[in-house]
Asker: 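Before anything else, here's the structure in question.
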2 protein chains.
Amino acid sequence: MVGKVAERREARTAEIVEAAWKLAAVDGIGGFSLHGLAREVGIRQPSLYEYFDSKLALYDAMFLDGNRRLLTRLEGLDLPDDPRRAVKLLMREFVAFATEDIARQQLLFARAIPGFEPSPEAYAPAVAVLERSVELLKTAGIRAQGDVDCFTAMVGGVIAAQNSNEPGGNRWVRQLDRLIDLYLDHLPRRSR
Amino acid sequence: MVGKVAERREARTAEIVEAAWKLAAVDGIGGFSLHGLAREVGIRQPSLYEYFDSKLALYDAMFLDGNRRLLTRLEGLDLPDDPRRAVKLLMREFVAFATEDIARQQLLFARAIPGFEPSPEAYAPAVAVLERSVELLKTAGIRAQGDVDCFTAMVGGVIAAQNSNEPGGNRWVRQLDRLIDLYLDHLPRRSR
DNA sequence: GTCTATACATCGATAGAC
DNA sequence: GTCTATCGATGTATAGAC
């Protein structure tokens, strides 16, 4: 039995993390304060320490939460059998995830907080996401490490260009499908 | 006549900017303090305001300095007549510039300082760099806006992947040449 | 578990003497 | 042009009452 106390506490923790994402979207991932966060959830700043030992611990919880959400979304996809269509669908979802919340993208993929290193537990879902993607890429013909690196650089580049040059737009995102075709058609032949 | 006073002052300003880059490389582009910067050049923090009206003004000077250095380096290249080889040489230099100093890359290309907008004067050299690159890409067959966007996403992706996953290494950078070949060979055909 | 109060540090910026 | 002194704001974290 879990206990109603622990359950309530967990729900409150999740609520705080949720509010933190909201503030981070406005002030930047490193720009929101614990004072503001506490206000957002209706308590005072010192009370946050009942839930998190430090701001870095909060970042760790956010990192875990973000990666879990990503994993859930990707696992919820009904991938077609055709590898090419499956890769496109998966990457489209990944890029959508990374461009719809810049602060989240900065914490999860851009090491934007100096001194923050995710704990192994928080990192686990990220590993699962990566492994799943690599597996799928293999079925589509991208097998060599160098080919995978090229592919991840391309996808990351689309995200970075979109987020830093035209946040919320789709000028770069809409190039994703043709770039995937380009890579699947001609990248493996060029390996060595 | 310029005047020795103004000359001395300009040299001092350049010295401060130089020291700022040094600190930014250690503490991050947003992480160094004016106190530390002043110490680095042997004066006290308030004395910096003789040279810069605010920290944002300092960032503007750094932005200008960084873009000038980039422009100088690219203009110093002896580009071959062959468009493909010229593009490779130019991009190699650009990527080297962006991966050898992460803090600089963050200020110049990643909008990493909330609230900082470069002044038109500081932005001018950046425009020159971009125009030059686009011109060269045209001679190599990349003409449509969508093709240029794909290309910039790829180059930016190589830089981002290298800087955030393996700072100082070359795991992604070494893929640049084959990626350029891939794009020049097969990208234009896919436009619409 | 939440509060008030406060410690403690850092930082950007200003005032005014020299 | 550089200094000392200080302001004012912000931010993380802790102590202790309730």
Side-chain angles (χ1 to χ4, degrees), chain A residues 2-63 103 106-107 112-117, chain B residues 2-24 26-63 103 107 112-117:
Chain A
V2 178
K4 290 218 169 174
V5 192
E7 208 170 285
R8 182 85 194 97
R9 185 189 169 84
E10 211 167 305
R12 195 96 171 101
T13 304
E15 185 191 345
I16 294 171
V17 168
E18 193 57 33
W21 283 125
K22 183 178 168 186
L23 295 189
V26 178
D27 301 325
I29 186 64
F32 73 92
S33 74
L34 296 185
H35 280 96
L37 175 58
R39 285 297 161 136
E40 186 73 24
V41 296
I43 60 178
R44 303 290 179 157
Q45 173 256 348
S47 303
L48 284 177
Y49 285 79
E50 189 68 26
Y51 302 94
F52 302 99
D53 289 340
S54 68
K55 199 179 183 185
L56 286 183
L58 169 64
Y59 280 130
D60 202 57
M62 295 173 76
F63 187 91
Q106 289 177 329
L107 180 65
I113 304 295
F116 170 64
E117 277 295 318
Chain B
V2 178
K4 290 218 169 174
V5 192
E7 208 171 285
R8 181 86 195 97
R9 184 188 170 83
E10 211 168 304
R12 196 95 172 101
T13 304
E15 186 190 345
I16 294 171
V17 169
E18 192 59 31
W21 284 125
K22 183 178 168 185
L23 295 188
V26 177
D27 302 325
I29 186 63
F32 73 93
S33 74
L34 297 184
H35 282 91
L37 175 58
R39 284 298 161 136
E40 185 72 23
V41 297
I43 60 178
R44 304 288 181 162
Q45 174 254 350
S47 303
L48 284 176
Y49 285 79
E50 189 68 27
Y51 301 94
F52 303 98
D53 289 341
S54 67
K55 198 180 184 184
L56 286 183
L58 169 64
Y59 281 130
D60 203 56
M62 294 173 76
F63 188 91
L107 180 65
I113 304 294
F116 169 63
E117 277 295 319

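Throughout, protein chains are lettered first and strands after them, A, B, ... in sequence-line order, and every chain is numbered starting at 1. Because the structure is a prediction, the values reported are computed rather than measured.
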Asker: Does D27(B), at its CG atom, have more than 12 non-hydrogen atoms belonging to other residues, nucleotides or ligands within less than 6.0 Å?
Answerer: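 Above 12, so yes.
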
Asker: Which heavy-atom pair separates A112(B) from I29(B) by the least distance, and what is that distance?
Answerer: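 Shortest heavy-atom contact: CB-CG2, 4.1 Å.
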
Asker: Looking only at side-chain N and O atoms, does R44(B) come under 4.0 Å of OP1 or OP2 in dT6(D)?
Answerer: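 For dT6(D), neither OP1 nor OP2 has a side-chain N or O of R44(B) closer than 4.0 Å.
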
Asker: Return the minimal non-hydrogen interatomic distance between M62(B) and W21(B), and the atom names on each side.
Answerer: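 Closest pair (atom of M62(B), atom of W21(B), distance): O-CZ2, 3.0 Å.
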
Asker: dG1(D) P sits how many Å from E7(B) CD, rounded?
Answerer: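 So the two atoms are 14 Å apart, to the nearest Å.
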
Asker: Roughly how many Å is it from CZ in R12(B) to C1' in dG1(D), rounded to a whole number?
Answerer: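 Atom-to-atom, R12(B) to dG1(D), this comes out as 10 Å.
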
Asker: Round to the nearest Å and state the distance from I16(B) atom CD1 to dG1(D) atom P.
Answerer: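 Spelled out: CD1 on I16(B) to P on dG1(D) is 11 Å.
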
Asker: When every nucleotide of nucleotides 12-18 of chain C is labelled 5' to 3' by its protein contacts under 4.0 Å (heavy atoms), B for base, S for sugar-phosphate only, - for none, what sequence of letters results?
Answerer: BBB----

Asker: In this structure, how many angstroms lie between the C1' atom of dC11(C) and the CZ atom of R39(B), rounded?
Answerer: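 Those two atoms, CZ and C1', are 15 Å apart.
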
Asker: State, to 0.1 Å, how close A19(A) and V41(A) come at their nearest heavy-atom pair, and which atoms those are.
Answerer: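 Smallest heavy-atom distance, with atoms named: CB-CG1, 3.6 Å.
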
Asker: Heavy atoms only, 4.0 Å cut-off, all strands: where does Y51(B) land among base, sugar-phosphate and nothing?
Answerer: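 If one applies the 4.0 Å heavy-atom cut-off, Y51(B) turns out to touch the sugar-phosphate alone, with no base involved.
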
Asker: Which heavy atom of A20(B) sits nearest a heavy atom of L37(B), and at what distance?
Answerer: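 Of all heavy-atom pairs spanning A20(B) and L37(B), the closest is N-CD1, 3.5 Å.
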
Asker: Output the distance between atom CZ (F52(A)) and atom CD1 (I16(A)), rounded to the nearest 0.5 Å.
Answerer: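 F52(A) CZ to I16(A) CD1: 5.5 Å, rounded to 0.5 Å.
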
Asker: Quick one: label R8(B) by what it contacts on the DNA or RNA (base, sugar-phosphate, nothing), any heavy atom closer than 4.0 Å.
Answerer: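 No contact.
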
Asker: Send over the distance from L58(B) CG to dC11(C) P, rounded to a whole Å.
Answerer: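 Value for this atom pair: 14 Å.
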
Asker: Between dT2(C), dG1(D), dT4(C), which nucleotide has the shortest distance from any of its atoms to the side chain of R9(B)?
Answerer: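 When the side chain of R9(B) is considered, dG1(D) is the closest of dT2(C), dG1(D), dT4(C).
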
Asker: Between atom CZ in F52(A) and atom P in dG11(D), what is the gap in whole Å?
Answerer: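 So the CZ-P distance, F52(A) to dG11(D), works out to 19 Å.
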
Asker: Once you round it to whole Å, what is the distance between P of dG1(C) and NZ of K4(A)?
Answerer: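 The distance from NZ of K4(A) to P of dG1(C) comes to 16 Å, rounded to the nearest Å.
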
Asker: Taking atom CZ as the centre, does R39(A) end up with more than 12 heavy-atom neighbours from other residues, nucleotides or ligands that are less than 6.0 angstrom away?
Answerer: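 12 or below, so no.
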
